[in-house]
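Sequence positions, counted from 1, serve as the residue numbers for this chain.
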Amino acid sequence: MNNYALLNFMGGRIEGRPLGIGIIGVGHVGREVYERTRQLDPNRAVVRHVAVREPGNYRGIVDNRLLTTDVKSMIGDRRMDILVEVAGG
């Protein structure tokens with residue numbers, strides 16, 4: 001199932017707003033998840049947060065405004081609908 005098929009299956013919107021996605025980890029798998037979700041229609045799905053241990057290591061790879069080390073704040077964000085955990089180790 002590709003990204004668009006999955007989004008269509010899910011409806012792609014929650015209460016009239018885009019689906020909010022959070023990602024924990026930006027290694028090999030996490031980076032691919034990030035890139036693919038950023039390609040989705042922003043009216044249907046938006047990456048809200050990306051949690052990593054060392055934000056400085058991901059500048060230029062991930063939008064700096066999305067980077068955080070605080071997973072609890074991600075969980076508490078009411079705009080978040082899906083949390084994808086792809087942290088290694």
List for me each residue that meets side-chain contact (heavy atoms from CB on, under 4.5 Å) alongside R59, sequence neighbours excluded, and say none if there are none.
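Only P55, N64, L67 meet the side-chain contact (heavy atoms from CB on, under 4.5 Å) criterion with R59.
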
Kindly write out the residues that satisfy side-chain contact (heavy atoms from CB on, under 4.5 Å) with V84, not counting sequence neighbours, or none if the list is empty.
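V84: side-chain contact (heavy atoms from CB on, under 4.5 Å) contacts with I21, V33, I82, V86.
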
Got a sec, which pairs hit salt bridge (Lys or Arg N to Asp or Glu O under 4.0 Å) with one end in residues 18-27, sequence neighbours left out?
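Checked against salt bridge (Lys or Arg N to Asp or Glu O under 4.0 Å) - neighbours excluded - no pair reaches residues 18-27.
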
Non-hydrogen atoms of [X] and [Y] that approach each other most closely:
X: V52; Y: T69; value: O-CG2, 3.3 Å
X: V71; Y: A51; value: CG2-CB, 3.9 Å
X: R78; Y: R17; value: O-NH2, 3.5 Å
X: S73; Y: T68; value: OG-OG1, 4.1 Å
X: P18; Y: P42; value: CG-O, 3.4 Å

Could you state the interatomic distance from CG (D77) to CZ (R48), rounded to the nearest 0.5 Å?
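Answer for the CG-CZ pair, D77 versus R48, is 7.0 Å.
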
Kindly indicate whether the side chain of V47, heavy atoms from C-beta on, has any atom under 4.5 Å from the side chain of L66.
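SC-SC contact between V47 and L66 confirmed.
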
What residues, two or more places apart in sequence or in another chain, satisfy salt bridge (Lys or Arg N to Asp or Glu O under 4.0 Å) together with R38?
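So R38 forms no salt bridge (Lys or Arg N to Asp or Glu O under 4.0 Å) with any residue.
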
Please list, chain by chain and in numerical order, all residues satisfying salt bridge (Lys or Arg N to Asp or Glu O under 4.0 Å) with R65, sequence neighbours excluded.
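Scan of R65 (salt bridge (Lys or Arg N to Asp or Glu O under 4.0 Å), adjacent residues dropped) gives D63.
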
With a 3.5 Å cut-off and sequence neighbours excluded, list the donor-acceptor pairs that the side chains of residues 23-32 form with protein atoms.
unit_1 : atom_1 : unit_2 : atom_2 : d
E32    : OE2    : R36    : NE     : 2.9

